[in-house]
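Here the structure comes first, spelled out in structure tokens, and everything after it is commentary.
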Amino acid sequence: QVQLVESGGGLAQAGGSLRLSCAASGRTFSRYAMGWFRQAPGKEREFVAAISYSGGNTYYGDSVKGRFTISRDNAKNTVYLQMNSLKPEDTAVYYCAQAGRGSGASQSGLYHYWGQGTQVTVSS
């Protein structure tokens, strides 16, 4: 049974930073791509970032390019999302997800397992 547990969410001011972590267990972490998605109230789930199984390739949604960085530590079975220059529009519940393949993707349907989410709130 795969489990994904996010942490690091909270309240930040506009222009500030937060770092999200997602600890995975249940199958060989280093074989699978990981992704971050977010969902704001009343909006559809949005792709944020993805990283390939080795960490060699990363992908970002247009709204976060240049501000957010995804990384992973396969020795710790953990994926991270460093969020800088935060904006109020970044306010959402952030979800970690594990793909069913090694290469990253923006399509949520390619992700087989999801965490419970962590709230990020950015004040202006």
Side-chain angles (χ1 to χ4, degrees):
Q1 182 74 12
V2 174
Q3 287 192 321
L4 302 174
V5 180
E6 301 100 335
S7 61
L11 178 65
Q13 290 188 333
S17 299
L18 284 174
R19 188 195 196 201
L20 304 184
S21 300
C22 172
S25 62
R27 63 178 184 175
T28 306
F29 179 76
S30 60
R31 291 182 180 177
Y32 302 98
M34 300 294 296
W36 288 95
F37 292 77
R38 68 186 182 186
Q39 189 165 20
K43 295 188 177 181
E44 293 186 354
R45 188 169 292 185
E46 176 188 15
F47 169 71
V48 175
I51 188 166
S52 63
Y53 71 101
S54 66
N57 291 291
T58 56
Y59 314 84
Y60 296 94
D62 289 340
S63 61
V64 306
K65 281 180 183 175
R67 300 188 298 121
F68 291 11
T69 302
I70 188 171
S71 61
R72 66 189 296 160
D73 185 337
N74 285 344
K76 295 183 178 180
N77 290 356
T78 301
V79 63
Y80 305 96
L81 185 68
Q82 178 66 44
M83 304 186 294
N84 298 330
S85 302
L86 284 164
K87 303 176 180 179
E89 50 263 44
D90 294 320
T91 295
V93 177
Y94 283 71
Y95 297 92
C96 167
Q98 187 175 74
R101 66 185 200 183
S103 57
S106 62
Q107 300 93 330
S108 61
L110 295 176
Y111 291 83
H112 293 182
Y113 298 98
W114 294 80
Q116 292 299 307
T118 185
Q119 177 71 46
V120 170
T121 302
V122 183
S123 62
S124 58

>> side-chain contact (heavy atoms from CB on, under 4.5 Å) for Y59 and I70? Distances and angles first, verdict last.
In response: CA-CA 8 Å; Y59 314 84; I70 188 171; over 6 Å; no

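- Atom-to-atom distance recorded for T58:OG1 and M34:CE is 15.0 Å, nearest 0.5 angstrom.
- For Q39, the CD atom counts as densely surrounded, since its 6.0 Å shell holds more than 12 non-hydrogen atoms of other residues, nucleotides or ligands.
- One hydrophobic cluster, built from ILVMFWY side chains closer than 4.5 Å, cannot hold both V5 and I51; they sit in different ones.
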>> One pair to check against side-chain contact (heavy atoms from CB on, under 4.5 Å): L86 and L18. What are the steps and the verdict?
In response: CA-CA 8 Å; L86 284 164; L18 284 174; 4.1 Å; yes

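- Here ring pair (Phe, Tyr, Trp, His ring centres under 6.0 Å) pairs that include residues 73-97, with residues two or more places apart or in two chains, number zero.
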Residues 26-33, side-chain donor-acceptor partners within the protein, below 3.5 Å, at least two apart:
{"residue": "R27", "atom": "NE", "partner": "Q98", "partner atom": "OE1", "Å": "2.7"}
{"residue": "R27", "atom": "NH2", "partner": "Q98", "partner atom": "OE1", "Å": "3.2"}
{"residue": "R27", "atom": "NH2", "partner": "A99", "partner atom": "O", "Å": "3.0"}

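- Grouping Ile, Leu, Val, Met, Phe, Trp and Tyr by side-chain contacts under 4.5 Å, direct or through others, leaves L11 on its own.
- Residues passing the ring pair (Phe, Tyr, Trp, His ring centres under 6.0 Å) test with F47 are F37, sequence neighbours excluded.
- With sequence neighbours left out, E46 forms a salt bridge (charged side-chain N to carboxylate O under 4.0 Å, His left out) with R38.
- Minimum heavy-atom separation, L81 to A49: CD1-CB, 4.2 Å.
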> Would V48 and Y60 count as a side-chain contact (heavy atoms from CB on, under 4.5 Å) if you check the C-alpha gap in whole Å, the side-chain angles of each, and the deciding distance to 0.1 Å?
Replying inline: CA-CA 6 Å; V48 175; Y60 296 94; over 6 Å; no

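- Between the side chain of S63 and the backbone N or O of G61 there is no donor-acceptor pair closer than 3.5 Å.
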> After noting the C-alpha distance and the side-chain angles of W114 and E6, does the key distance pass the side-chain contact (heavy atoms from CB on, under 4.5 Å) rule?
Replying inline: CA-CA 10 Å; W114 294 80; E6 301 100 335; over 6 Å; no

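- Note that the CE atom of M83 and the OG1 atom of T69 stand 11.0 Å from one another [nearest 0.5 Å].
- Every side-chain hydrogen bond (donor to acceptor under 3.5 Å, both in side chains) that Q119 has, sequence neighbours left out, goes to T121.
- For the side-chain contact (heavy atoms from CB on, under 4.5 Å) test, residues two or more places apart in sequence or in another chain that qualify with A40 are K43, A92.
- Here the NZ-OG distance, from K87 to S124, works out to 14.0 Å after rounding to the nearest 0.5 Å.
- Sorted by first and then second residue, the side chain to side chain donor-acceptor pair (under 3.5 Å) pairs involving residues 103-113 (not counting sequence neighbours) are R101-S103.
- Contacts of K65 classified as salt bridge (charged side-chain N to carboxylate O under 4.0 Å, His left out), with partners at least two apart in sequence or in another chain: D62.
- Of all the heavy atoms in S71 and V79, the pair that sits closest is O-CG2, 3.1 Å.
- Of all heavy-atom pairs between S85 and S17, the closest is N-OG, 4.4 Å.
- Partners of N74 under the side-chain hydrogen bond (donor to acceptor under 3.5 Å, both in side chains) rule, at least two apart in sequence or in another chain, are R72.
- The two atoms that bring S52 and G56 nearest to each other are OG-N, 3.3 Å, heavy atoms only.
- R67 meets the salt bridge (charged side-chain N to carboxylate O under 4.0 Å, His left out) test with D90; sequence neighbours excluded.
- For the disulfide bond (SG atoms under 2.5 Å apart) condition, the pairs that include at least one residue of residues 1-55, sequence neighbours left out, are C22-C96.
- Within a 6.0 Å sphere centred on CD of Q13, other residues, nucleotides and ligands contribute 12 heavy atoms or fewer.
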